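Below is one structure, written out as structure tokens; the observations come after it.
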Amino acid sequence: MDIIFYHPSFKAASWINGLQQRLPQATVRQWQPGDNAAADYALVRTPPVEMLQGRSDLKGVFALGAGVDDILTQLKQHPEMLSESVPLFRLEDTGMGLQMQEYAVYTVLGWFRRFDDYQQQKQQTLWQSLKNYRRQDFTIGILGAGVLGSNVAQSLKVWGFPIRCWSRSPKQIDGVTSYYGADQLSDFLSGTQVLINLLPNTPQTVGIINRQLLSQLNSGAFVLNLARGAHLVEEDLLAALEAGEIKAAALDVFVQEPLPETSPLWSHPRVAITPHNAAVTLPEEAMDYIAKSIQQREAGEMPEGRVDIVRGY
Ligand SMILES: NC(=O)C1=CN([C@@H]2O[C@H](COP(=O)(O)OP(=O)(O)OC[C@H]3O[C@@H](n4cnc5c(N)ncnc54)[C@H](OP(=O)(O)O)[C@@H]3O)[C@@H](O)[C@H]2O)C=CC1
Ligand SMILES: O=C(O)C(=O)CO
């Protein structure tokens, strides 16, 4: 069994060794331009088109992340890149759920306990206790109730906040109110105090967090974008912050990454920024997951995490 590996920044050697150990029957190699030799599986992040095109014999392509918008965008421009018969898989959880929980719990509790306000008061050497939010009014709305959205919902539920989620299909998550479909988006937004985005980037979700959407949240709401920069219209967020409609935002992802030095988001006192690392691919967990999936595929089974290319996630 032959496996080809390509990632623009990961160190290939440790992945090749790790996969080789987990799949002793396989020969794993780093794909290089011009390598057209046979392969059964490909592990990729933002692969060059020539790596995958013409490889209709592949038994699976494994994306080395949870989001596959990079691959699907390339596929739209170069439909010849991936044969329709080749299944594309993504990472489901593999330790990213816990990382998202850490980020969300830290951020939401900070806002709830007004640590953002106290940080500003510190700069003014101001000793002043502020009125607390009421827990029952601090409704958290999660856009996306998939692997990561439902993990985040679970972690925030234990703090007693009202939690709601929005997805394409209805969900049954204990203690979480489910809204679904375009028709229920307004009801989901109305009364939401903290908006957390964990949607995939698709033609239906691009630019979804815009001025019109933000205006439907509670006045003085908070925005946490953990998914993709393309979801959020940055100018609209800045305008809503200036107007006081949005109190603060924490952003891990941006339209352009790295975020340009000239972006007004950098200097905004009520915007927190992290460099797209809310949940990173953990090599050991990811290799365990992919090795298991390859074994299932070899046994004639269809592993979990298959991307629906038409749906876009
Ligand atoms: N910042 C970071 O470091 C990271 C960011 N990410 C981002 O997080 C995203 C989510 O990951 P994950 O939870 O694993 O993905 P999933 O595919 O498991 O979940 C996606 C959720 O979004 C919902 N959804 C999709 N399209 C729509 C729509 N048009 N309207 C309403 N709901 C919709 C789905 O609904 P339904 O359940 O009904 O299908 C599902 O609940 C990734 O795509 C990636 O972009 C991921 C990892 C790290
Ligand atoms: O896995 C993903 O989709 C990521 O964004 C990792 O940072």
Side-chain angles (χ1 to χ4, degrees), residues 7-10 43-46 62-73 88-104 107 141-155 163-173 176-189 195-209 213 223-232 249-255 257-259 272-283 285-286 289-290 304-313:
H7 194 288
S9 59
F10 286 177
L43 274 56
V44 298
R45 181 101 216 191
T46 328
F62 290 88
L64 294 165
V68 285
D69 46 338
D70 55 346
I71 298 179
L72 296 187
T73 302
L88 171 66
F89 302 94
R90 68 186 192 94
L91 296 180
E92 286 197 340
D93 198 339
T94 59
M96 289 192 229
L98 185 58
Q99 296 175 70
M100 286 297 186
Q101 290 182 334
E102 292 160 357
Y103 198 126
T107 306
I142 305 171
L143 291 170
V147 175
L148 301 177
S150 53
N151 262 279
V152 164
Q154 298 293 356
S155 65
I163 315 271
R164 51 176 70 170
C165 63
W166 182 71
S167 45
R168 259 174 34 138
S169 53
K171 300 285 162 197
Q172 281 198 317
I173 308 173
V176 178
T177 310
S178 164
Y179 295 81
Y180 61 96
D183 292 351
Q184 296 188 7
L185 181 58
S186 287
D187 287 344
F188 162 85
L189 296 168
L195 184 75
I196 302 180
N197 178 33
L198 275 164
L199 287 168
N201 177 20
T202 70
Q204 289 73 41
T205 64
V206 66
I208 189 168
I209 309 175
L213 178 145
V223 174
L224 172 53
N225 190 11
L226 297 173
R228 286 292 183 262
H231 289 129
L232 172 70
L251 309 176
D252 181 57
V253 285
F254 301 89
V255 173
E257 296 179 0
L259 183 62
I273 289 175
T274 49
H276 194 149
N277 65 356
V280 299
T281 297
L282 301 174
E285 284 83 344
Y289 180 90
I290 293 170
E304 55 190 29
R306 184 169 183 183
V307 175
D308 180 333
I309 289 178
V310 175
R311 198 179 60 166
Y313 67 100

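Bear in mind that the values here come from a model prediction, so they are computed numbers and not experimental data. Counting starts at 1 for both ligands and their atoms, in listed order.
- Under a 3.5 Å cut-off, the side chain of Arg90 and the backbone N or O of Gly305 do not form any donor-acceptor pair.
- Distance NE2/His231 to CG/Asn225: 7.5 Å, rounded to 0.5 Å.
- If you number the atoms of ligand 1 from 1 as listed, the ones under 4.0 Å from a heavy atom of Ser169 come out as 36 (P), 37 (O), 38 (O).
- Ligand 1 has no N or O atom lying under 3.5 Å from any N or O atom of Met96, backbone or side chain.
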*asked:* Applying side-chain hydrogen bond (donor to acceptor under 3.5 Å, both in side chains) to Thr205 and Tyr313, what does each step give before you reach the verdict?
replied: CA-CA 11 Å; Thr205 64; Tyr313 67 100; over 6 Å; no
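- Considering only non-hydrogen protein atoms, atom 4 (C) of ligand 2 sits nearest to His276 NE2, 3.7 Å.
- The single protein non-hydrogen atom nearest to atom 22 (O) of ligand 1 is Pro200 CD, 3.3 Å, given as residue, atom name and distance.
- When hydrogens are left out, the protein atom nearest atom 10 (C) of ligand 1 is Leu198 O, 3.4 Å; that is the closest non-hydrogen contact.
- From Leu189, atom CG reaches atom CZ of Arg164 across 8.5 Å, with rounding to the nearest 0.5 Å.
- Interatomic distance, OG of Ser167 versus CD1 of Ile142, reported as 11.0 Å (0.5 Å rounding).
- Counting protein heavy atoms only, atom 11 (O) of ligand 1 is closest to Leu148 CD1, 3.5 Å.
- With distances taken over non-hydrogen atoms, the option nearest atom 15 (O) of ligand 1 out of Gln99, Arg90, Met100, Gln184 is Arg90.
- Scanning the protein for heavy atoms near atom 30 (N) of ligand 1, the closest one is Trp166 CH2, 3.2 Å.
- No donor-acceptor pair closer than 3.5 Å links the side chain of Trp166 to the backbone N or O of Gly144.
- Within the 4.0 Å heavy-atom cutoff, Ala279 counts among the residues contacting ligand 2.
- Annotation: Asp252 places an N or O atom under 3.5 Å from an N or O atom of ligand 1; distance criterion only.
- The contact set between ligand 2 and Gly67, taken as ligand atoms under 4.0 Å from a residue heavy atom, comprises 1 (O), 2 (C), 3 (O).
- In this structure, Arg228 has a heavy atom closer than 4.0 Å to ligand 2.
- Per-residue contacts place His276 under 4.0 angstrom from the following atoms of ligand 1 (heavy atoms of the residue considered): 1 (N), 2 (C), 3 (O).
- Protein heavy atom nearest atom 48 (C) of ligand 1, with residue, atom name and distance: Ala279 O, 3.2 Å.
- Gln99 does not count as a contact of ligand 2, since none of its heavy atoms falls under 4.0 Å from the ligand.
- Under a 3.5 Å cut-off, the side chain of Thr46 and the backbone N or O of Asp70 do not form any donor-acceptor pair.
- The protein heavy atom nearest to atom 33 (C) of ligand 1 is Leu199 CD2, 3.5 Å.
- Counting non-hydrogen atoms of neighbouring residues, nucleotides and ligands closer than 6.0 angstrom, the CZ atom of Phe10 exceeds 12 such neighbours.
- Any N or O atom pair closer than 3.5 Å counts here, and Tyr313 shares at least one such pair with ligand 1.
- What sits closest to atom 1 (O) of ligand 2 on the protein, heavy atoms only, is Ala66 N, 2.7 Å.
- Every atom of ligand 2 with a heavy atom of Gly65 under 4.0 Å away is listed here by number and element: 1 (O).
- Annotation for ligand 1: atoms under 4.0 Å from non-hydrogen atoms of Ala227 are 5 (C), 7 (C), 45 (O).
- The closest donor-acceptor contact from the side chain of Gln99 to the backbone of Val280 lies under 3.5 Å.
- The ligand atoms of ligand 1 that sit less than 4.0 angstrom from a heavy atom of Val253 are 1 (N).
- Looking only at protein heavy atoms, the nearest one to atom 6 (N) of ligand 1 is Arg228 NH1, 3.8 Å.
- Paired with Leu232 under the rule side-chain contact (heavy atoms from CB on, under 4.5 Å), one option of Leu251, Ile208, Asn197 passes, and it is Leu251.
- Between Gly146 and ligand 1, an N or O atom pair is found at a separation short of 3.5 Å.
- Using cut-offs of 30° and 60° on the angle between ring planes, the pair Phe89 and Phe62 is parallel.
- Within ligand 1, the atoms closer than 4.0 Å to a non-hydrogen atom of Ala145 are 21 (C), 40 (C), 41 (O), numbered from 1 in the order shown.
- By the 3.5 Å distance cut-off applied to N or O atoms, Gly67 is not counted among the residues near ligand 1.
- The OH atom of Tyr180 lies 12.0 Å from the SG atom of Cys165; values are rounded to the nearest 0.5 Å.
- Atoms of ligand 1 found under 4.0 Å from any heavy atom of Ala66 (numbered from 1 in listed order, with element): 46 (C), 47 (C).
- Looking at Gln204, His231, Arg168, Lys171, it is Arg168 that brings a heavy atom closest to atom 28 (C) of ligand 1.
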*Please step through side chain to side chain contact (heavy atoms under 4.5 Å, CB included) for the pair Asn151 and Leu98, ending with a clear verdict.*
CA-CA 7 Å; Asn151 262 279; Leu98 185 58; over 6 Å; no
*Candidate pair Leu226 and Ile196, rule side chain to side chain contact (heavy atoms under 4.5 Å, CB included), full reasoning*: CA-CA 7 Å; Leu226 297 173; Ile196 302 180; 4.0 Å; yes
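- When atom types are taken as modelled, the side chain of Asp252 and the backbone of Ala278 share a donor-acceptor pair closer than 3.5 angstrom.
- Every atom of ligand 1 with a heavy atom of Leu226 under 4.0 Å away is listed here by number and element: 1 (N), 2 (C), 4 (C), 5 (C).
- At least one donor-acceptor pair under 3.5 Å links the side chain of Glu257 to the backbone N or O of Phe254.
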